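Take a look at the structure set out below.
Just so you know, these numbers use all the heavy atoms, side chains as well, and skip hydrogens, waters and symmetry mates. FYI, the numbering just counts along the sequence from 1. Just follow the structure's listing: the first ligand is 1, and inside any ligand the first atom is 1. Every value quoted in this text rests on a predicted model; they were computed, and no experiment measured them.
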Amino acid sequence: MSTPPLKKLTEPLTLFLIGVTGDLAKKKILKAIYKLHEKQLLASPFTLIGNARSPLSREEFQAYVKEIVRPSDDGTWTSFAKSLQYVAGNAADEATFAKIKALHQKLQKQRTCGNHMWYIATLPQLYLPIIQNLKQCQLHNSSCGWTKLLIEKPFGTDLASAQKLNQELSEAFSEDQIYRIDHFLGKETVQNLVAFRFANGMFEELWSNKHIDHVQVTHSESLGVAGREQFYDATGATRDVVQNHLLQMIAVCLMEEPASLNPDDIRKSRSALLKSLTGLSGKNMADHVRFGQFTAGVIDGQKVPGYLEHEGIPAESNTETAVALKLGIDSPRWAGVPIYVRTGKRLARDVLELSVQFKDKPNRMFSSIKYGPDPNILTFRFQPNEGIVLRLFVKKPGHGIELDMVPMEFCYRNTYQMDFIEAYERLIHDASNSDATLFPGHESIESSWRIIDDVLDYQRRVKPDPYPAGSWGPESFTKLIEQDGREWIEPSIDVCSV
Ligand SMILES: NC(=O)c1ccc[n+]([C@@H]2O[C@H](COP(=O)([O-])OP(=O)(O)OC[C@H]3O[C@@H](n4cnc5c(N)ncnc54)[C@H](OP(=O)(O)O)[C@@H]3O)[C@@H](O)[C@H]2O)c1
C-alpha cells in the first residue's frame with residue numbers, strides 16, 4: 001500500500017493560536033508547526049498570530065518561539081520568524097478579537113486572499129467566550145478563503161456540558177469546519193491499527209466474539225501530578241484519559257470496516273462503535289468500575305509522595321488517580337466480549353498497549369501436554385518501543401514434545417529507521433489540508449460521555465482504593481478482572497524488548 005505524500009497548501013494560511021504561551025503550545029504545538037515549516041509543508045505565505053495575556057512585543061514573541069523550537073538552521077528560522085505575530089489580550093474580551101482582526105486585515109492588505117485556522121489551546125473555561133467572540137467579530141467565516149477551528153480537549157466535563165459546547169460551536173461553525181483534537185488518533189501506531197486490521201484479511205476474519213475472548217487496554221504512567229495539581233484534582237483519570245483517548249483507541253480497534261478510506265466513512269465507523277458501547281446505567285457498578293488513588297511509594301528507586309500529600313490537593317480529595325473499567329459492546333460481532341481498561345498515574349511503568357486475547361480452543365492432540373494456562377494474545381504496543389506481538393506456541397527444541405510460548409513480533413524501530421511524525425504535526429497538517437479522518441466528530445464525543453457520566457456519578461459516591469506508587473494499582477483492579485476468571489496481562493519484556 002502506498003501512502004499519498006503529505007501536501008503543501010497552495011493558498012496563504014493564517015493560524016491564530018489562542019494560548020500560545022501555554023504548556024501545550026510549548027511542549028507540542030509550536031514545535032509541530034516549526035517542523036512543518038522545516039519540511040516545507042506549511043502554506044505559503046504563512047502567518048501565525050499568537051494570543052495570550054502576557055504583554056509581549058513582536059520581537060519578544062519571536063525570541064520566545066525561537067527558544068522553544070531551537071532551530072538548527074538560521075535561514076529556515078529567519079523565514080519562519082517573519083511569519084510570527086502576537087496580540088496580547090484577554091481572550092474572554094471581544095476587544096481582543098477586534099485587535100486580532102485589525103492586525104490580520106492590515107497584514108492581508110499586503111497579500112492575496114487566504115485561509116484561516118483558529119486553534120483554541122487555552123483554558124477550557126474560555127472555550128465558550130472565545131467561540132462567542134469569534135462570532136461577534138465575524139471571524140468564524142470569511143468571504144476570503146476558508147475558516148476552520150481546531151479545538152483542544154476537554155470537550156466538556158460531562159454529557160450536558162459537551163452538548164452545550166457542541167451547541168455553541170454549531171451556532172458559529174458548520175461541523176465540517178470543526179477539528180477536535182484527540183492526539184491519540186494522530187499517533188502513527190494507532191493509525192496502524194486500521195491498516196493491520198483491514199489490510200490483513202486473515203486477522204479481520206478472526207476479529208469477533210467467535211474467536212476473541214476479551215480485549216484489554218493498559219495505559220499506565222509513572223509520572224504523578226506535580227505542577228498540574230489543580231487541573232488534575234478537578235479532572236481525575238476517567239475524564240483525563242478514558243473518555244477521550246482510550247475510548248477513541250478502542251473504537252479504532254473494534255469498529256466495523258469503513259466503506260472507504262474517505263474521512264467521513266472512517267469517522268462514521270468509529271462513531272458507530274462508540275454509540276454501541278453498552279451503557280452502565282442500572283448495572284452493578286462495582287462489577288464494572290473500580291477507582292484508585294496513589295499513596296507514597298517508590299518509582300525508579302526514588303521515594304515519591306502520595307496524592308494527598310501534594311500541596312494544592314485537598315486532604316479529603318476523592319479524585320481517582322487510576323481507574324479500571326469493564327465495558328461491553330452491543331453488536332452481533334462483539335456480544336459477550338468484555339473490554340477491560342485500566343489507566344493511572346504513578347503506576348509501575350510507562351506503557352500504552354492494547355491486547356486481544358483469543359479464545360482457548362479445546363485441543364485434542366496436545367491436551368495431554370501441560371503447557372501452562374496462556375492463550376494466544378495479540379498485543380499492540382503504542383508506546384514505548386512500538387510494535388505488534390503475537391504470542392504463539394512452538395515446539396521447544398529437543399527430544400520429545402514440549403511446548404513453549406514465544407513472541408512473534410514486528411518492531412517499528414527495526415523495520416523503519418526513521419522518526420515517527422509527531423501526532424500534533426500530523427493533526428495540524430491534516431486540518432490545514434481539510435482531512436478530518438483523525439478528528440472525532442461531536443456524535444462520538446457525546447457517545448463517550450454517555451458512558452462516562454455513569455462512571456463519574458459512581459465516582460462521586462465511592463472512595464477510591466489506595467495503591468502504593470510504583471504498583472499496578474489497587475487490589476480491587478485485580479478483582480475486577482479476576483471475578484470473570486481472567487487476569488491483567490502485565491506489559492511484558494517480550495514486546496519489542498521494553
Ligand atoms: N498541557 C498538556 O499536555 C495538554 C494536553 C492535551 C490537551 N491540553 C489542553 O490544552 C489546553 C491548554 O492547556 P495548557 O496545559 O497549555 O494550559 P496552560 O499551560 O495553563 O496555558 C494556558 C494558555 O492560555 C493563556 N491564557 C490563560 N488565560 C487567558 C485569557 N483569559 N486570555 C488569553 N489567554 C489566556 C495563557 O497565557 P497567559 O496566562 O499569559 O494569558 C497560556 O498561554 C487545555 O484545554 C488543556 O486541557 C493540554
* How far is atom 35 (C) of ligand 1 from its nearest protein heavy atom, and which residue and atom name does that atom have? -> Thr122 OG1, 3.7 Å
* To do: Using a cut-off of 6.0 Å, state whether more than 12 heavy atoms not belonging to Gln230 lie near its atom CD.
  => no
* Nearest protein heavy-atom contact for atom 3 (O) of ligand 1: which residue, which atom, what distance? -> Lys27 NZ, 2.9 Å
* **Arg450/Glu446 salt bridge by N-O under 4.0 Å criterion** => no
* Where ligand 1 meets Pro154 - atom numbers and elements under 4.0 angstrom, heavy-atom basis -> 45 (O), 47 (O)
* Would you call Arg461-Asp457 a salt bridge at under 4.0 Å N-O? -> yes
* Structure fact -> Note: ligand 1 atoms sitting under 4.0 Å from heavy atoms of Tyr127 are 44 (C), 45 (O)
* For atom 27 (C) of ligand 1, closest protein heavy-atom neighbour -> Arg53 NH2, 3.6 Å
* To do: Report yes or no: does a heavy atom of Ala92 sit under 4.0 Å from some atom of ligand 1?
  => no
* **Lys31 and Glu422 ion-paired at < 4.0 Å** => no
* **Side-chain ion pair, Glu221 and Arg346, N-O less than 4.0 Å** => no
* Heavy-atom nearest neighbour in the protein, as seen from atom 4 (C) of ligand 1, with distance rounded to 0.1 Å -> Leu24 CD1, 3.6 Å
* Could you tell me which atoms of ligand 1, counted from 1 in the order shown, lie closer than 4.0 angstrom to a heavy atom of Asn90? => 30 (C), 31 (N), 32 (N)
* Which atoms of ligand 1 have any heavy atom of Ala121 under 4.0 Å away? -> 11 (C), 12 (C)
* Hey, does the side chain of Ser161 reach the backbone of Gly156 with a donor-acceptor pair shorter than 3.5 angstrom? -> no
* Mind running ring pair (Phe, Tyr, Trp, His ring centres under 6.0 Å) on Phe184 and Phe382 for me, showing each step along the way? => CA-CA 10 Å; Phe184 272 39; Phe382 304 111; 8.2 Å; no
* Quick check: does His183 get an N/O under 3.5 Å from an N/O on ligand 1? -> no
* Proximal ligand 1 atoms for Leu126, defined as those under 4.0 Å from one of its heavy atoms -> 28 (N), 29 (C), 30 (C), 31 (N)
* Asked: Between the candidates Lys26, Lys28, Lys153, which shows the shortest non-hydrogen contact distance to atom 46 (C) of ligand 1?
  -> Lys153
* Asked: With a 4.0 Å cut-off, would you call Glu175 and Arg267 a salt bridge?
  -> yes
* Going by an N to O cut-off under 4.0 Å, is there a salt bridge joining Lys153 and Asp240? -> yes
* Asked: Any ion pair linking Arg381 and Glu353 (charged N to carboxylate O, less than 4.0 Å)?
  -> yes
* atom 34 (N) of ligand 1 - nearest protein heavy atom and its distance -> Ala52 CA, 3.6 Å
* Asked: Taking NZ, NE, NH1 and NH2 as the nitrogens, is one of them in Glu425 or Lys39 under 4.0 Å from a carboxylate oxygen of the other?
  -> yes
* What atoms of ligand 1 come within less than 4.0 Å of a heavy atom belonging to Pro124? -> 45 (O)
* Contact atoms of ligand 1, heavy-atom distance to Gly89 under 4.0 Å -> 32 (N), 33 (C)
* Among all protein heavy atoms, pick the one closest to atom 21 (O) of ligand 1 and tell me residue, atom and distance. => Gly22 CA, 3.1 Å
* Asked: Between Phe155 and ligand 1, which part of the residue brings a heavy atom under 4.0 Å of the ligand: side chain, backbone, both or neither?
  -> neither
* Asked: To the nearest 0.1 Å, how far is atom 37 (O) of ligand 1 from its closest protein heavy atom, and which atom is that?
  -> Thr21 OG1, 3.1 Å
* Can you tell which part of Asn51 has a heavy atom less than 4.0 Å from ligand 1: side chain, backbone, both or neither? -> side chain
* Structure fact -> Of all protein heavy atoms, the one nearest atom 20 (O) of ligand 1 is Leu123 CD2, 3.5 Å
* Give the C-alpha distance, both sets of side-chain angles, the deciding distance and a yes or no for side chain to side chain donor-acceptor pair (under 3.5 Å) between Asp454 and Ser281. => CA-CA 6 Å; Asp454 284 328; Ser281 164; 4.6 Å; no
